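Here is how names work: the chains are called A, B, and so on, in the same order as the sequence lines, proteins then strands, and each is numbered from 1. Remember, it's a predicted structure, so these values are computed and weren't measured experimentally.
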Amino acid sequence: MASSTTGEKKILTLKGGDNEEFILEESLVLQSELLKNMVKEERVSSIPLPSIKSKTLVKIIEYLKKHAELTPSNKEEFKNFEKEFVNVVLEELLDITVAVNYLKINGLLEFCCQAVADRIKDKSVEAVRKIFRIESDFTPEEESEFRKETPEAFEGDLDDTTN
Amino acid sequence: MEDSSLTDPTLPTELITEILSRLPVKTLVRFRSVSKSWLALVSSPEFVKTHLSVSANNKDYTHHRLVLTAGGNIFSSREIDYFLRDCSLSSLRNDSVTEAFRLNYPMNKPHKSVTVVGSVNGLICLAIDDIDLFLWNPSVRRYKNLPHPRPTVYHFGWFKYGFGYDESNDDYKIVGIFRNHDNERLHHVEIKIYSLKSNSWRSKSDIPDEMRFFETGKFVNGKLHWAGELHWPNNWAFHKNWNIISIDLADEKWGKVEQPRYVEVDFCLELGVLGSDLSMIWKYSVSHADVWVMREYGVKESWTKMYTVKYPSYVYSSFIDPTLCMSNKGEILLVPGSTLMVRNPDYELIRYPKIVNFHSCVAADVYVESLVVPYYRTNQAHNKN
């Protein structure tokens, strides 16, 4: 009977929210604290991730592969890859960030949060509400009070777009 | 096809905190009005702390600014205009031109002298005409006018202060040293300590021998530091007897910090803070100064000579100030006289960043933009500027 040799790589299947399956080497997913614990404790070979869109999962797997190949000599190339990685519409970036937070991929989480922060830094209050799907629970009087109290924070060209 | 039902519309609070803690103060002040839950989050003491720590540890100094003090030329007979301006530290380091902005500080009057005593956690301690003290956060434009220290040597005195944070008691403290001008005898020195929590000054009776000729205290590792002279130079000769005196803001006990060994003829020593380390600039008479840093607090052997700085030809040596900051590439920012200078470690290349809207300064201090307010929730009225 054929037994697994030391050189053989363990294979794992990730199932995205729309039931698409991704087959990859187990060593890659160890960068995720969540998946690492699942693989180590429960010895599973298939992990369903119903809350993560396949499109998002594709991006994250792409990152895991690039990150695994990171060496001191291709640092610059990796930095450029990271920049391109977050260069997507804001809604998609938020999906990725939420997924990365859920999967607990720590280095990438910090990078994504910084990218989101950089993107919303100059946004208007109205735009931020739309982006994060928040309903205002302030009265119009309370809202104008904020503007009166701290006019400097509302000065300048604020960005009303949500992307 | 995109299925938006797959996305949970509300992000977990810890993720919102992670994102918001990376935003500049101005943006956060605006985003307080997004919703009641965002207002509560941004105003919570935990968030203020998290945001401060993310901003303070940013390696690119994105959230650091430089406050420049102008005025105070004692050699000029003209009336002097005092004012403060500030500019972005990362811009000074990276851009060829940086813009300075006029700061509207408390008790802002052109003919009253203004001194930046120090800055901790985004709070700046200001002394106006040496005796009116303020704790002020320029980023959120909040300040508190502190009670008068009422030293007994009030007239013709020489007042120096140090400002720091007592982490164990979550309290901000100011140490005031009040010295009589015309008599250097010890009993004419008075020391008082202010605590923001109690909002009052207390006298401190034990005074170290070296308390004679002090600059502003430098805050490192929970302690304030001064370079103290052991013997008063009665013939005004320069000599070697310096000590570094510290006071621990938690237990308010005095201590000493050992200095590096040095060999050359001494001239003048000044303490500074580089990052979170105590630094020292050792000035030689005409040509250069050595910058030392204590890499590991309290360990004499960890004093490292970082640089020898050659003075620009027009700068008189005693006007060069300690290094303000150092980038991760090793570039340092110095204030020789009335200009700023960036020194590259690789070669003797010195850059003088151009600052629009600013001509000269007598002092420069680094502060971090924070949401920390200069009062406790329970105590007294506060002010907005």
Seminar exercise, completed: Looking only at A:Glu142, A:Gln114, A:Glu126, the option with the highest number of non-hydrogen pairs under 4.5 Å against chain B is A:Gln114
For this session: Locate the shortest heavy-atom distance separating B:Ser35 from A:Phe138; write the atom from each residue and the value.
Result: C-CE1, 3.3 Å
For this session: With side-chain contact (heavy atoms from CB on, under 4.5 Å) as the test, would you mind laying out the steps for A:Ile120 and B:Ile19 before giving the verdict?
Result: CA-CA 10 Å; A:Ile120 64 172; B:Ile19 294 166; 4.1 Å; yes
Problem set entry | More than 12 heavy atoms of other groups within 6.0 Å of B:Glu167 CD | no
Seminar exercise, completed: Looking only at B:Ile16, B:Val54, B:Val29, the option with the highest number of non-hydrogen pairs under 4.5 Å against chain A is B:Val29
For this session: Please test A:Val116 against B:Glu18 for side-chain contact (heavy atoms from CB on, under 4.5 Å), starting from the C-alpha separation and ending with a verdict.
Result: CA-CA 10 Å; A:Val116 174; B:Glu18 278 289 328; over 6 Å; no
For this session: Answer with side chain, backbone, both or neither: which region of A:Thr56 has an atom nearer than 4.5 Å to a non-hydrogen atom of chain B?
Result: neither
For this session: Check step by step if side-chain contact (heavy atoms from CB on, under 4.5 Å) holds for B:Leu15 and A:Leu109.
Result: CA-CA 9 Å; B:Leu15 191 53; A:Leu109 178 62; 3.8 Å; yes
Problem set entry | Distance in Å, B:Arg142 CZ paired with A:Thr150 OG1, rounded so as to fall on 0.5 Å steps | 8.0 Å
For this session: Look at B:Arg32 together with A:Glu145 and state whether they make a salt bridge at an N to O cut-off of under 4.0 Å.
Result: no
Problem set entry | Neighbour count above 12 (heavy atom, 6.0 Å) for A:Asp157 CG | no
For this session: Counting only heavy atoms closer than 4.5 Å, note whether B:Leu39 contacts chain A via side chain, backbone, both or neither.
Result: side chain
Seminar exercise, completed: The interface call for A:Asn101 against chain B, heavy-atom contacts under 4.5 Å, is side chain
Exercise. Under a 4.5 Å cut-off applied to non-hydrogen side-chain atoms, are B:Arg22 and A:Lys121 in contact?
Worked result: no
Exercise. Ignoring hydrogens and geometry, is there a side-chain-to-backbone donor-acceptor pair from B:Arg30 to A:Ser124 under 3.5 Å?
Worked result: no
Exercise. With side chains defined as the heavy atoms from C-beta onward, is the minimum distance between B:Val34 and A:Phe132 less than 4.5 Å?
Worked result: no
Problem set entry | Reported CZ-to-OG distance for the pair A:Arg129 and B:Ser33, which is rounded to 0.5 angstrom | 6.0 Å
